Amino acid sequence: MVKSYLRYEPAASFGVIVSVESNITYDSSGKHLLAPALEKLGIWHVRQGVCTKTLSPSLSSRAPSLAVTCVASAPSSLVASGYADGSIRIWDCDKGSCETTLNGHKGAVTALRYNKVGSLLASGSKDNDVILWDVVGETGLFRLRGHRDQITDLVFLDSGKKLVSSSKDKFLRVWDLETQHCMQIISGHHSEIWSIDVDPDERYLVTGSADLELRFYNVKHELMNGESMVNETGPETGNDGESATQNKWEVLKPFGEIQRQSKDRVATVRFSKSGNLLACQVAGKMVEIFRVLDEVESKRKAKRRLNRKKEKKSAKMGVEATENVEANHGTEEAGNVLVVAVPDVFKLLQTIRASKKICSISFCPVTPKTSLATLALSLNNNLLEFYSIESGSSTKTLAIELQGHRSDVRSVTLSSDNTLLMSTSHNAVKIWNPSTGSCLRTIDSGYGLCGLIVPHNKYAMVGTKDGKIEIIDIGSGTLSEVVEAHGGSLRSIATIPNGNGFVTGSADHDVKFWEYQIKQKPGQDSKCLTISNVRTMKMNDDVLVVAISPDAKYLAVALLDCTVKILFMDSLKFFISLYGHKLPVLCMDISSDGDLIVTGSADKNLRIWGLDFGDCHKSIFAHADSVMAVQFVRNTHYIFSVGKDRLVKYWDADKFELLLTLEGHHADVWCLAVSNRGDFVVTGSHDRSIRRWDRTEEPFFIEEEKEKRLEEIFEADIDNTFEDKHIPKEELPEEGAVASAGKRTLETLTATDSIIDALDVAEVELKRIAEHEDEKARGKVAEFQPNMIMLGLSPSDYVLRALSNISTNALEQTLLALPFSDALKLLSYTKDWTSNPDKVELVCRIVTVLLQIHHSQLISTPSARPVLAVLKEIIYARVKECKDTLGFNLAAMDHLKQLMASRSDALFRDAKSKLLEIRSQQSKRLEARTETKTENRKKKKQKK
């Protein structure tokens with residue numbers, strides 16, 4: 001009988017408020033902030049400071065978790081998030097569901113930007129490409145190639161007709177999206193451009209790099225008649241013909257630059273929603289806020305500057321001025337032309353300094369009544385801060401910090417009844433509810449390296465890096481007492497089973513035994529728990545780990561000399577020494593029956609030893625880096641181990657077999673705690689997350705898991721088979737190139753297979769139908785038995801069903817992999833499908849894609865001509881019908897809108913025009929009053 005085991009699955013992840021790799025952004029309403037937390041996206045209610053929803057991709061436990069690298073919110077309730085594998089997911093915030101997944105990039109997504117309407121999405125990546133996506137149609141439109149390094153930011157111009165991209169290659173590129181080509185390449189930056197943005201009125205574009213200044217550009221707009229219009233502030237250019245043709249393509253004209261306060265590189269530049277503020281965040285602790293003056297104010301400022309210049313000049317010239325009157329007159333005339341410079345428009349308002357390094361910023365789209373704007377910051381210590389910006393100063397209004405540690409989670413400990421979980425980090429201890437992931441208590445402490453919760457869950461002990469034991473009162477969430485325990489860092493703490501105390505091991509070579517005592521503090525009524533040192537044992541080297549056997553017979557001590565000493569607990573006499581590890585043992589555990597001891601070391605190995613004779617049963621190469629924690633599941637010989645390779649592994653210590661590999665953490669895993677019943681496991685990591693893995697009722701077998709792992713290795717290598725890395729890469733032309741947006745994935749390959757299978761099944765079925773018709777004609781009447789696989793559908797409908805199941809994003813790449821013979825078969829079916837009005841769009845897409853791919857072959861194949869001739873007649877007619885229906889519906893909706901507007905005075909009425917109407921009425925009344933007053937005065941005068 002083959003032995004089966006129960007599977008562990010990822011159940012919960014908590015402790016991360018915001019991750020470092022991605023940006024933060026507000027949603028369109030301004031009530032919620034979207035903060036990426038590793039692979040998840042948290043939606044935080046700003047006013048309440050609570051995470052209302054979590055958007056996480058539905059990945060199986062076997063697939064590695066992918067971090068969110070970029071976020072953008074649309075004007076609607078949609079949000080786009082880019083991931084480290086190059087995929088983009090579109091979420092509906094209200095429903096909390098994933099609407100679609102877009103695959104196109106080969107590297108991590110680094111920039112996302114919606115156009116103003118929210119119908120188009122531009123994405124940039126580490127693969128140096130920009131892809132434009134149709135959000136409504138859920139498809140990739142095209143790929144823009146030309147940059148030589150990763151894309152850092154994107155911005156739409158001219159109501160979505162143009163796109164500006166910035167890159168680490170120090171260039172800005174302006175793309176015309178209608179003709180799909182690069183219009184303008186802007187150089188001049190001395191280092192990588194990290195961020196760009198345009199103000200809401202599209203007057204100025206700002207770029208931020210590692211240079212000491214912010215650069216500004218004027219945006220040229222095309223008017224309806226095709227003429228171009230530049231913002232008046234820009235300096236004039238020459239009128240010769242050469243510059244005129246050159247200027248035709250110049251969308252961005254250099255306007256000027258401003259010196260920055262900080263020497264760190266720029267990370268983000270963003271205009272506020274109203275356009276009156278510009279925030280420049282550097283890769284440090286600073287955000288510079290600039291005031292953006294409107295045209296009238298900036299011209300006034302420029303005029304004052306010009307007048308001051310004149311005064312200075314006249315003061316300098318003194319007597320000479322009278323002699324050169326004519327020349328001076330000429331300069332005055334020239335000086336009268338106002339040229340608005342950058343300092344006239346952008347004025348430094350204030351500087352915000354945060355407590356830690358800032359990762360990202362986002363302006364609230366709703367401007368508050370009391371201040372100029374609200375700015376959200378994400379810091380690199382897992383913290384969100386909100387600032388209210390006023391004209392004179394900025395004040396911190398809120399900080400979201402309690403739901404996570406500021407640094408690595410160094411130890412996790414479960415209480416004896418599994419109801420509480422304690423985690424320690426460099427400055428705080430947190431008590432969690434492991435089932436819900438909610439933080440119950442936060443207590444300031446030293447750098448906690450290890451801990452234990454005392455039975456009855458009233459107190460907890462924490463061992464710190466400076467050798468102290470902190471006694472924590474869990475009920476009140478306070479630090480009850482700090483005991484100076486060791487001279488070096490306290491590395492390990494172990495409870496004495498069925499006893500009234502615990503054992504600690506430290507870097508000062510000491511192993512100390514402690515007992516609990518209840519004492520009444522002077523001046524207090526209540527009694528509290530304290531500890532007293534009972535015994536001390538000196539070792540030859542630093543103590544790294546201590547462990548006690550469940551029957552309290554043996555004490556195991558791991559030393560820095562790579563050995564583990566087993567001693568008798570009662571007499572502390574030496575029993576056996578376990579040696580074999582090449583590097584120090586970092587963790588160990590003894591099984592419930594006291595038969596086995598497992599040790600994990602910095603040499604990446606797990607060793608399983610017998611505790612009776614100290615013989616090594618097996619040495620297993622367990623992790624790709626140091627093994628950081630190991631623990632037996634109670635009453636079994638199953639082991640959990642975690643390492644710096646980010647993995648959690650599940651082993652059978654009797655068979656020495658790897659049972660499961662649990663992927664999920666994004667950084668080194670430091671600690672591990674297994675529940676008493678073995679129904680869940682908790683791990684803590686350098687990525688600041690605490691994850692819970694639950695045991696399910698699903699059984700699995702070792703051999704099946706081995707096969708799955710081999711399949712995963714094969715699938716992971718598929719990407720390499722798609723692109724032969726040895727083929728020399730084609731050199732991109734300087735003006736850029738256009739390519740298709742999609743990419744081949746496992747999904748597109750399986751979809752191609754499903755189409756080929758459907759075509760084969762349909763072909764066989766058609767032959768059977770034809771044979772049956774022949775027999776019927778001859779007079780042999782037998783009832784036709786349709787194929788069960790076809791689910792009662794006709795051959796044509798069966799193929800259509802297979803095509804309809806493919807996501808719109810993957811359709812092009814799926815058809816690209818289809819052989820020509822199958823493509824011909826597919827085209828022959830399309831004429832039947834056009835009769836279904838719902839499928840006209842799908843049929844048009846299939847036909848156009850197949851024609852583009854197999855154009856030359858279709859022309860030279862005589863059998864394809866009749867099919868194409870029929871399609872030419874049908875498709876045009878069907879598309880026209882659809883167009884007419886849409887036009888009719890739009891006209892009907894327009895008519896309904898007009899009807900409703902005529903009935904209601906307020907609805908669909910432009911508020912601005914109504915306001916102007918009211919003002920004009922008021923002004924007329926005032927004029928009438930003044931006129932009557934003047935007439936009355938005249939009459940009075942005449943009477944006199």
Side-chain angles (χ1 to χ4, degrees), residues 1-11 13 38-39 56-67 83-87 103 598 600-601 603-608 617-633 636-669 672 674 678 680-681 683 685 687 691-722 744-750 753:
M1 184 72 184
V2 181
K3 188 174 182 184
S4 69
Y5 303 85
L6 290 177
R7 189 180 296 283
Y8 282 82
E9 294 274 357
S13 164
L38 305 176
E39 77 280 5
S56 55
S58 55
L59 291 167
S60 63
S61 61
R62 291 170 290 284
S65 287
L66 298 160
Y83 292 80
D85 67 338
S87 65
N103 286 307
V598 62
S601 162
D603 63 9
K604 308 172 191 176
N605 288 330
L606 277 180
R607 279 180 180 260
I608 299 160
H617 291 187
K618 186 76 173 174
S619 176
I620 304 166
F621 180 67
H623 289 268
D625 211 328
S626 305
V627 183
M628 297 310 297
V630 66
Q631 198 174 334
F632 276 101
V633 177
T636 68
H637 281 181
Y638 304 148
I639 306 165
F640 275 99
S641 69
V642 298
K644 281 187 177 178
D645 59 355
R646 309 177 180 191
L647 300 177
V648 181
K649 293 193 177 184
Y650 184 38
W651 309 84
D652 187 337
D654 293 331
K655 292 188 174 181
F656 316 123
E657 288 276 10
L658 172 64
L659 305 178
L660 283 177
T661 301
L662 302 171
E663 294 179 288
H665 280 291
H666 295 251
D668 312 355
V669 189
L672 163 78
V674 183
F680 69 89
V681 183
T683 53
S685 164
D687 63 16
R691 288 174 192 266
R692 195 182 84 238
W693 318 80
D694 284 3
R695 187 172 62 201
T696 60
E697 294 303 311
E698 183 196 340
F700 70 92
F701 303 97
I702 293 175
E703 289 304 315
E704 278 183 9
E705 281 304 305
K706 281 182 182 172
E707 280 176 26
K708 273 184 191 171
R709 280 198 288 275
L710 287 169
E711 274 175 28
E712 277 167 25
I713 292 166
F714 170 70
E715 283 173 15
D717 205 46
I718 272 180
D719 290 341
N720 299 341
T721 57
F722 288 156
R744 283 168 78 182
T745 59
L746 198 65
E747 184 196 350
T748 61
L749 282 183
T750 49
D753 288 342

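Values in this document were obtained by computation on a predicted structure and should not be read as measured data. Both backbone and side-chain heavy atoms feed into the values below; hydrogens, waters and symmetry mates do not.
- Across every non-hydrogen atom of His623 and Ser641, the tightest pair is NE2-OG, 2.8 Å.
- How far CD1 of Ile620 is from CZ of Arg607: 10.5 Å, rounded to the nearest 0.5 Å.
- A distance of 7.0 Å separates CZ of Arg646 from CG of Asp668, quoted to the nearest 0.5 Å.
- Closest approach of Trp693 to Glu663, counting heavy atoms only: CH2-O, 3.7 Å.
- Partners of Asp625 under the side-chain hydrogen bond (donor to acceptor under 3.5 Å, both in side chains) rule, at least two apart in sequence or in another chain, do not exist in this structure.
- Taken to the nearest 0.5 Å, the CG atom of Leu38 stands 8.0 Å off from the OG atom of Ser685.
- Annotation for Thr636 and Phe632: closest pair O-CD2, 3.9 Å, computed over non-hydrogen atoms.
- Counting only heavy atoms from C-beta outward, the side chains of Lys644 and Met628 approach each other to under 4.5 Å.
- With sequence neighbours excluded, the residues forming a ring pair (Phe, Tyr, Trp, His ring centres under 6.0 Å) with Phe640 are Tyr8, Tyr650, listed by chain and number.
- No donor-acceptor pair closer than 3.5 Å links the side chain of Arg695 to the backbone N or O of Leu6.
- Two residues are said to be in side-chain contact when any heavy atoms from C-beta on lie closer than 4.5 Å; Leu659 and Ile702 meet this criterion.
- A search for salt bridge (Lys or Arg N to Asp or Glu O under 4.0 Å) contacts involving Asp694 returns Arg692, not counting sequence neighbours.
- Taking the charged nitrogens against the carboxylate oxygens, Arg691 and Glu39 do have a contact shorter than 4.0 Å, which makes a salt bridge.
- Qualifying ring pair (Phe, Tyr, Trp, His ring centres under 6.0 Å) partners for Phe700, counting only residues two or more places apart in sequence or in other chains: Tyr5.
- Of all non-hydrogen atoms in Ala624 and Asp645, the two that sit nearest each other are N-OD2, 2.9 Å.
- Taking Asn103 as the reference, Ser87, Thr101, Lys743, Thr745, Glu747, Asn809 meet the side chain to side chain contact (heavy atoms under 4.5 Å, CB included) condition, with sequence neighbours excluded.
- One distance of note links NE2 of His617 with CD1 of Ile608; it measures 9.0 Å at 0.5 Å rounding.
- The CG atom of Leu658 lies 10.0 Å from the CG atom of Leu606; values are rounded to the nearest 0.5 Å.
- Residues Tyr83 and Leu66 come closest through the heavy atom pair CD2-O, 3.7 Å.
- Looking at heavy atoms from C-beta onward, Thr683 lies out of side-chain contact with Leu662 at the 4.5 angstrom threshold.
- Atoms CG and CH2, from Leu660 and Trp651 in turn, are 11.0 Å apart once rounded to the nearest 0.5 Å.
- Scanning both residues, Lys3 and Phe701, for their nearest heavy atoms gives O-CD2, 3.6 Å.
- Partners of Glu657 by salt bridge (Lys or Arg N to Asp or Glu O under 4.0 Å), not counting sequence neighbours, listed by chain and number: Lys706.
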